[in-house]
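Structure first, then comments.
What's counted below: heavy atoms across the whole structure, side chains too, no hydrogens, waters or symmetry copies.
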Amino acid sequence: MKTLVAFILFLYVCKSSQLQENSTKRVMGAYFANWAQYHTKPYTYTPEKLAPIIGKVDQLMYSFLYFDDNTYNVRLIEPKDPEFIKTITGYKSSNPNLKVIASIGGWNFPSALFSKMMSSSESRSAFIKSLKDTLEKYQFDGVDIDWEYPCSSPRTDYVKYTCADIKDSHDAGGKCPDDTNNLLMFVKELRQSLGSDAFISFASPGSKDKWEKWDLKTMSSYVDYWHVMTYDYTVSDIKNSSVTAPNAPLYTPTDTNGVVQWSIDYTITGYLAAGVPANKIMLGIPLYGHTWYIPNIKGDEWQSYGLNASIQGDCCGSFKSTYGALYGKGSQLCGTYMYSEIVAAGPLYYFDTKTKTAIAYMAKDSQDGWTKAGTWFTYNDKNSIDAIAKYVGEKNLGGAFIFDTSEDSLSYETGEFTYTLMSALATGLKGGGGNEGQKNFCAPSPSSQCNVCQKCCKNYLTIQRDCDACVVINCP
Ligand SMILES: *[C@@H]1O[C@H](CO)[C@@H](O)[C@H](O)[C@H]1NC(C)=O
Ligand SMILES: *[C@@H]1O[C@H](CO)[C@@H](O)[C@H](O)[C@H]1NC(C)=O
Ligand SMILES: CC(=O)N[C@H]1CO[C@H](CO)[C@@H](O)[C@@H]1O
């Protein structure tokens, strides 16, 4: 009897202390990309594909919407946007907690236009009025402003439509210190106009020279979340980027031979030091990796950062002379592979425990006939996500978001998405800790429930441990 009472007491204490320690609800955000509908099969991505994961998403950013150069009216950009938005807001009937957010701007949208819109009280209010109408019309719960970036220098971007159609788009950039001051006025007016219930977030930069151009602390009173873009610390699709370095390292690489000395931890520490409340920080996780071309590496030398890459010359137009390897089969972006494309290529795999990032390498051509020997990848896999989720718990952040849903794992036979990475993130955030070192579920199991799991395992023969997150969805 005594033992039983003690046992019940133990359960109770255990439960209540858990609740206390992790009482903050950590949320999972996800960007939906309206251009992923153009990915080649089986990677084609439309809102229906969200069904298996939508129950675990707290806020979904529909990206991207633009606004007009002269009237500042918000405008949809893809013919299917209205239909897509309707399908996505329809998911609220199965997940009542889901918030659907209109994300405006993005990296292809000129910074100069944001600068212009923010510059006068008249243009700001024209934009905000149109935004309010748009949110109401399409039943969005709020807005995510994706200005890249206030005070940016003029730049020319190569925007690829097809291999033969690459446009150089010139962006006059921003204006300092006006952008900083106008942005603060804008967020005050935005909150005032949308009211306290509306969701307001900003995509914000990962590097100090850029975030210093924002009044992060004062603006924090008016925003729900900062979507901190803690990725692309190093990219390969620009002319001088010849040395390999991680896309989104949790901790700063220790290699110093030309490797960029930045990390997620460096950015988050900087935001906290700037006075941003931890619970307003959403840590960003890319579901894609960057590639370089490094033929004929000796032995295990590929298992590190700081390698010198060669120009492969297989990308199109202006990208041909960069160090990025040939684009992935489905997404067609030079120097970039979606997580699903990396898995399909079947490379050798290594996990760098210092940065919590995955490195992979094609020692030979892939069996799918696309990815060439010598392709080298840096990306964030399930092991990275487990470590990041743990970090989010330790720092008591608001949560984490992924960019973007179309890049997660799928079944190559059926085109159904299996969401290995997003499932792992949801589990990690829920535990308030992360599931680092969790047991591998891939072992054959006699349970009938696990038939689906074993089918899923088959799709991940090369990266077997990814199956366990798949089980979270398919074998409840
Ligand atoms: C490459 O050039 C960009 C500007 O085009 C510059 O910001 C960056 O620091 C350069 N990187 C290296 C490794 O030299
Ligand atoms: C990369 O190239 C630089 C300059 O040629 C050289 O100093 C460095 O040792 C090379 N690094 C590696 C890992 O081969
Ligand atoms: C903020 C906080 O106390 N987070 C803790 C939640 O619980 C995990 C373990 O379950 C800890 O690692 C976190 O530090």
| Passes side chain to side chain contact (heavy atoms under 4.5 Å, CB included), Lys280 versus Asp224? Steps please. | CA-CA 6 Å; Lys280 297 209 167 179; Asp224 293 280; over 6 Å; no

| Within a reach of under 6.0 Å around CG of Asp209, are more than 12 heavy atoms found that belong to other residues, nucleotides or ligands? | yes

| field | ring pair (Phe, Tyr, Trp, His ring centres under 6.0 Å) involving Phe377 - partner list, sequence neighbours excluded | value | Tyr337

| said: For the CZ atom of Phe84 and the CG atom of Leu76, what is their distance to the nearest 0.5 Å? | reply: 12.0 Å

| task | Would you mind checking if Asp386 and Lys390 are paired as a salt bridge, meaning a charged N to carboxylate O distance below 4.0 Å? | result | no

| said: Using 30° and 60° as the class boundaries, would you call the ring planes of Phe199 and Tyr225 parallel, tilted or perpendicular? | reply: tilted

| said: Restricting to non-hydrogen atoms, name the atom on Val392 and the atom on Leu429 that form the minimum distance, rounded to 0.1 Å. | reply: CG1-CD2, 3.8 Å

| request: Kindly compute the distance separating CD1 (Ile200) from CG (Leu190), expressed to the nearest 0.5 Å. | output: 4.0 Å

| message | Counting only heavy atoms from other residues, nucleotides and ligands, does the tally under 6.0 Å from CD of Gln139 exceed 12? | response | no

Under 3.5 Å, side-chain donor or acceptor atoms of residues 107-118 against the rest of the protein: list the pairs with distances, not counting sequence neighbours.
{"residue": "Ser111", "atom": "OG", "partner": "Trp147", "partner atom": "NE1", "Å": "2.9"}
{"residue": "Ser111", "atom": "OG", "partner": "Tyr149", "partner atom": "O", "Å": "2.8"}
{"residue": "Ser111", "atom": "OG", "partner": "Ser152", "partner atom": "OG", "Å": "2.8"}
{"residue": "Ser115", "atom": "OG", "partner": "Asp179", "partner atom": "OD1", "Å": "2.7"}
{"residue": "Lys116", "atom": "NZ", "partner": "Asp69", "partner atom": "O", "Å": "3.0"}
{"residue": "Lys116", "atom": "NZ", "partner": "Asp69", "partner atom": "OD1", "Å": "3.1"}

| request: Could you tell me which residues satisfy salt bridge (Lys or Arg N to Asp or Glu O under 4.0 Å) with Asp133, sequence neighbours excluded, listed by chain and number? | output: Lys129

| query | Can you tell me how far CG of Asn34 sits from CG of Leu65, rounded to the nearest 0.5 angstrom? | reply | 7.5 Å

| said: Would Cys316 and Cys334 count as a disulfide pair, i.e. SG atoms separated by less than 2.5 Å? | reply: no

| message | So that I know where these two stand, are Trp35 and Tyr62 an aromatic pair - ring centroids less than 6.0 Å apart? | response | no

| query | Should Asp141 and Lys92 count as an ion pair when the cut-off is N to O under 4.0 Å? | reply | yes

| Between His290 and Tyr288, what is the ring plane arrangement, given parallel below 30°, perpendicular above 60°, and tilted in between? | perpendicular

| message | Would the distance check show the side chain of Glu341 and the main-chain N or O of Met338 forming a donor-acceptor pair, the cut-off being under 3.5 Å? | response | yes

| task | Find the distance between CG (Leu326) and CD (Gln332) and round it off to the nearest 0.5 Å. | result | 8.5 Å

| said: Check for me whether the distance between the ring centres of Tyr31 and Phe401 falls short of 6.0 Å. | reply: yes

